[in-house]
Protein chains: 2
Amino acid sequence: MEQKTYTISDLAKEHEVTPRTIRLYEEIGIVAPQRDGNKRIYAERDRVRLRLAIRGKGLGMSLAEVKELIDMYDNTGRDEKKQLKRLLEKLQERRDILLTQRRDIELTLAEIDRIADKARSTLAELERAKVN
Amino acid sequence: MEQKTYTISDLAKEHEVTPRTIRLYEEIGIVAPQRDGNKRIYAERDRVRLRLAIRGKGLGMSLAEVKELIDMYDNTGRDEKKQLKRLLEKLQERRDILLTQRRDIELTLAEIDRIADKARSTLAELERAKVN
DNA sequence: TATTACGTTAACGTAAGCGTCAATTATCAA
DNA sequence: TTGATAATTGACGCTTACGTTAACGTAATA
């Protein structure tokens, strides 16, 4: 089975980030491309990890947190009990944070809808009053 | 109706931030306490805005974005059409972002549950095998 | 009165997350 | 061969969001 590969600008365009960003993520250890001379060759695995990283960032995680979490995704299997327990703890922590965030999003969405409704009705009044 | 007021450390403790943070938020315009001599006196309005700010931060907003959004919460009423339309646009933008975030949270939660299940069953196997 | 707690401003420090050159190399089409 | 295009490695700079002294004032309490 042939592996599909990507250049840095392939991934940059696809994810709407700059190459600089991807190189930074490599420095941190989020991606680990192969080399063809001095060109970086990214595998599907890198692509997935990049996507996960960007998603995590969008949720407010630091790159360090992102790396930790993503490494865990890859890490399943062949682990000692201690590692596995640690993994489960970490997952639980992140889960709690995500649940809090989801709740905060619901709260904020509700606020926004409330404000928007108000604004729309005020606007409608102005229209009726012909205050253009 | 008497107004309840708070000191900076009241709010700091309640929201688990340092006074330094609250003073920074004042500089930015998120809160605007009264003064008693050179002591800051926070009203309920400040408390609400601080809470909203912290919530927004937890969702990955910058303080500038937070301020913009919070100001809009306060701004309803006595507005011209143009302002109202601008407000509605901004609310829509933020709404879209929140919906994306919510979806990303669902995706991440699903991933976490998948990994956790796997880890738990691996752990159970190790237990059975008495590899302690 | 001395201590403790809490408040103030001012200023420097720092980690994160890139942007932005600069100087260079490699590739590919015309 | 000559550009044009894309890639590379530094290296410096910048913004955000605070932390962390320092140096000092005030107010209640022992």
Side-chain angles (χ1 to χ4, degrees), chain A residues 4-43 46-47 49-71 94 97 100-101 104, chain B residues 4-43 46-47 49-71 94 97 100-101 104:
Chain A
K4 203 171 185 185
T5 62
Y6 309 86
T7 70
I8 196 166
S9 41
D10 288 343
L11 293 187
K13 270 171 212 158
E14 182 184 354
H15 298 90
E16 300 185 312
V17 296
T18 66
R20 175 71 181 85
T21 299
I22 298 179
R23 288 187 201 109
L24 174 66
Y25 286 16
E26 177 179 347
E27 227 174 89
I28 291 170
I30 290 171
V31 293
Q34 297 305 112
R35 289 291 187 138
D36 168 19
N38 71 352
K39 303 264 173 83
R40 290 167 170 83
I41 310 292
Y42 298 86
D46 293 305
R47 187 160 162 264
R49 289 173 65 101
L50 181 58
R51 186 155 38 78
L52 290 174
I54 290 170
R55 185 188 293 165
K57 270 230 58 190
L59 298 177
M61 293 185 212
S62 74
L63 294 183
E65 289 174 313
V66 160
K67 179 183 158 44
E68 217 194 338
L69 191 58
I70 293 181
D71 280 345
R94 180 55 55 189
I97 292 172
T100 297
Q101 286 195 141
D104 284 351
Chain B
K4 203 170 185 183
T5 63
Y6 308 86
T7 70
I8 197 167
S9 43
D10 288 342
L11 293 187
K13 272 173 210 156
E14 182 183 354
H15 298 89
E16 299 185 313
V17 296
T18 65
R20 174 71 180 86
T21 299
I22 299 179
R23 288 188 201 108
L24 174 67
Y25 287 17
E26 177 179 344
E27 223 174 274
I28 291 171
I30 290 172
V31 293
Q34 296 306 111
R35 290 289 188 142
D36 168 20
N38 71 350
K39 305 263 175 79
R40 290 169 170 82
I41 308 292
Y42 297 86
D46 293 305
R47 187 161 162 262
R49 289 173 66 102
L50 181 58
R51 186 155 38 78
L52 291 174
I54 290 169
R55 185 187 294 165
K57 271 228 59 189
L59 298 176
M61 293 186 213
S62 73
L63 294 185
E65 290 175 313
V66 159
K67 179 181 158 44
E68 217 193 337
L69 190 59
I70 293 181
D71 279 346
R94 181 55 55 188
I97 293 172
T100 297
Q101 288 197 136
D104 284 351

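Letters go in sequence order (proteins before strands), and every chain restarts at 1.
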Spacing of [atom1] belonging to [X] relative to [atom2] belonging to [Y], to within rounding of 0.5 Å:
| X | Y | atom1 | atom2 | result |
| --- | --- | --- | --- | --- |
| Glu68(A) | Met61(A) | CD | CE | 10.5 Å |
| Leu11(B) | Ile54(B) | CG | CD1 | 9.0 Å |
| Ile70(A) | Leu52(A) | CD1 | CG | 5.0 Å |

Return the minimal non-hydrogen interatomic distance between Ala32(B) and Asp46(B), and the atom names on each side.
->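 Answer, listing the atom of Ala32(B) first, then Asp46(B): N-OD1, 2.9 Å.
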Using rotation axes that map the C1' atoms of four end pairs onto the next four (five pairs an end), what angle separates the end axes of the helix from dT1(C)-dA30(D) to dA30(C)-dT1(D), to 10°?
->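 What I find for the helix from dT1(C)-dA30(D) to dA30(C)-dT1(D) is an axis angle of 10°.
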To the nearest Å, how far apart are [X] [atom1] and [N] [atom2]?
| X | N | atom1 | atom2 | answer |
| --- | --- | --- | --- | --- |
| Arg23(A) | dA16(C) | CZ | P | 21 Å |
| Asn38(A) | dT24(C) | CG | C1' | 10 Å |
| Arg35(A) | dT8(D) | CZ | P | 6 Å |
| Ile30(A) | dG17(C) | CD1 | P | 8 Å |
| Glu27(A) | dA15(C) | CD | P | 15 Å |
| Asp36(B) | dG25(D) | CG | P | 18 Å |
| Arg40(A) | dT8(D) | CZ | C1' | 7 Å |

Salt bridge flag under 4.0 Å for residues Arg51(A) and Glu14(A) =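 Salt bridge absent between Arg51(A) and Glu14(A).
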Lys/Arg N to Asp/Glu carboxylate O, Lys4(A) vs Asp10(A), below 4.0 Å =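 Salt bridge: no.
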Each nucleotide of nucleotides 14-24 of chain D classed B (base within 4.0 Å of a protein heavy atom), S (only sugar-phosphate) or -, in 5' to 3' order, makes ---SBBB----
Given Ile30(B), which of Leu50(B), Leu24(B), Val66(B) fulfils the side-chain contact (heavy atoms from CB on, under 4.5 Å) condition?
->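 The single option meeting the side-chain contact (heavy atoms from CB on, under 4.5 Å) with Ile30(B) is Val66(B).
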Do Gln34(B) and Arg40(B) have side chains that get closer than 4.5 Å, going by heavy atoms?
->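 Answer no - side chains too far apart.
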